Each structure stands twice: as structure tokens, then as C-alpha cells.
K.L.:
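Quick one: structure below, then a few questions.
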Amino acid sequence: KLTGQANETTNGLLFYEASNQRGQINYNHSDQKMEFKTGDSTTLALTLDSSQNATFAGKVAISSAFTAGELLGVKGDTGGADWGARIENTHANGLGALVKVASSGTGQALEVRSGSTSLFKVLANGASTFNGDVSVPATNKLRLDGASGHSYIYEHSNDDVRVYVG
């Protein structure tokens, strides 16, 4: 059965199985939030606020079954036509993606795979491992101490690689 509720602070729909409430959708006027609640205890699962922000109380799956306790799972077949996932910030001064772990130990912060083969890993302590060649275009330099360029390796001409230390 489906019933409605309304008062000065909340409007909502209540979902029942026999006499047991199994879920509800509420709109709270005071904080302008829509709340989705599920289960016998009507546990809060999702909140949508007036700025169109969504807050999930649990895991989020996009065409995925959770297998390793991840908080966000994205899985699907694009038919080879597009990326499986994309993060894009179109602001001129915007940043891309942040991957952060709570420790500076040797735990893994990021891994990119092709099938089950690891292509590269970045560890929490900053160490990185690559399972193949690392290529730098001939017109660029491989800087060894950051953007200041005090030390670098570059291709001067065909078959002529130079190391500059300065």
C-alpha cells in the first residue's frame, strides 16, 4: 500500500508491505532536502539538496556488483566506442582527479590495469612502477628535479642523448 503524509515541515510518500513500512520519500521544507529512506527501519539512503547535490549513505554502483568492498563501483560494456569512466573539469583553472590514501606508507594509491595486467602503480609513499616503456617526446625533457630544470635528460639529435646537470 502507498500512503501520503503532509504537515507544516514535511511532505512524503510512505511505502508499506501489509502493515510494515518498507520505505519513504520525504521532502523537508526547512532545509529544502528530499530524502529517500529504505528498509524496515526506514534508514536514510539518499539525500538530494536544493543545490542538486546528492549524498549517498552507502555504496554507489553503476551497472556493477560489488566484489571487494569498494565504495564506488562502475562496470559496463561500452562496445568499444567510448571510455568506461571519465572525470573532466572544464574550468580553465580546474584540476582533474584526486586519488588520496590516508597513509604515506607503501600501500597502493593508484593502479591502472589492462585486463588483469598491471600497467603502472603509484604507491602512497610516491614510488611508482611501470610495466613497460616510459616514453618522452623528443622535443621534451625528462626533468629529474621538478620544473626548475636543474637536471634533465633529453634527445639532442638522432642517436644523441644528453644528460644535463646544472
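What you are looking at is a predicted structure, and each value in this text was computed from that prediction instead of being measured. Atom set for the values below is all heavy atoms of this structure, side chains included, hydrogens, waters and symmetry mates excluded. Counting begins at 1 with the first residue of the sequence.
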K.L.:
Could you check whether any side-chain N or O of Asp133 sits under 3.5 Å from a backbone N or O of Ser135, counting only pairs where one atom can act as donor and the other as acceptor?
P.N.:
no

K.L.:
Could you tell me the separation between the OG1 atom of Thr55 and the CG atom of Leu48, rounded to the nearest 0.5 Å?
P.N.:
8.5 Å

K.L.:
Rounded to the nearest 0.5 Å, what separation is found between the NZ atom of Lys37 and the OG1 atom of Thr47?
P.N.:
8.5 Å

K.L.:
Could you see if Tyr27 belongs to whatever hydrophobic cluster contains Leu44? Use Ile, Leu, Val, Met, Phe, Trp, Tyr and a side-chain cutoff under 4.5 Å.
P.N.:
no

K.L.:
To the nearest 0.5 angstrom, please state how far the CZ atom of Arg143 sits from the CG atom of Asn140.
P.N.:
8.5 Å

K.L.:
Compare every heavy atom of Tyr16 with every heavy atom of Ala18, then report the nearest pair and how far apart it is.
P.N.:
O-CB, 3.7 Å

K.L.:
Looking at CZ of Phe130 and NZ of Lys121, how far apart are the two atoms once the value is rounded to the nearest 0.5 Å?
P.N.:
12.5 Å

K.L.:
If we only count heavy atoms from C-beta on, is the Asp49 to Met34 side-chain gap below 4.5 Å?
P.N.:
no

K.L.:
How long is the span from the CD atom in Gln24 to the CD atom in Glu35, to the nearest 0.5 Å?
P.N.:
8.0 Å

K.L.:
Would you say Asn131 and Leu119 make side-chain contact, with heavy atoms under 4.5 Å?
P.N.:
no

K.L.:
Using side-chain contact (heavy atoms from CB on, under 4.5 Å), reason through Gln21 and Thr42 one step at a time and then give a plain yes or no.
P.N.:
CA-CA 8 Å; Gln21 186 176 338; Thr42 60; 3.2 Å; yes

K.L.:
Any salt bridge linking Arg113 with Glu111? Criterion: basic side-chain nitrogen under 4.0 Å from a carboxylate oxygen.
P.N.:
yes

K.L.:
Do the side chains of Ser151 and Val165 get nearer than 4.5 Å, heavy atoms only?
P.N.:
yes

K.L.:
Kindly give the heavy-atom pair with the smallest separation between Asn26 and Gly12, and that separation in Å.
P.N.:
OD1-CA, 3.6 Å

K.L.:
Can you check side-chain contact (heavy atoms from CB on, under 4.5 Å) on Phe36 and Thr38, steps first, answer last?
P.N.:
CA-CA 7 Å; Phe36 294 78; Thr38 60; 5.9 Å; no

K.L.:
Search all heavy atoms of Asn89 against all heavy atoms of Leu95 and return the closest pair with its distance.
P.N.:
CB-O, 3.0 Å

K.L.:
Determine whether Phe15 and Ile25 satisfy the following criterion, side-chain contact (heavy atoms from CB on, under 4.5 Å), listing intermediate values before the conclusion.
P.N.:
CA-CA 9 Å; Phe15 299 86; Ile25 301 171; 4.0 Å; yes

K.L.:
Are any side-chain N or O atoms of Asn28 and backbone N or O atoms of Thr10, one a donor and one an acceptor, separated by less than 3.5 Å?
P.N.:
no

K.L.:
Check the orientation of Tyr152 and Tyr154. Use parallel for under 30°, tilted for 30 to 60°, and perpendicular for over 60°.
P.N.:
tilted

K.L.:
CG/Leu72 to NZ/Lys59 distance, rounded to the nearest 0.5 angstrom?
P.N.:
11.5 Å

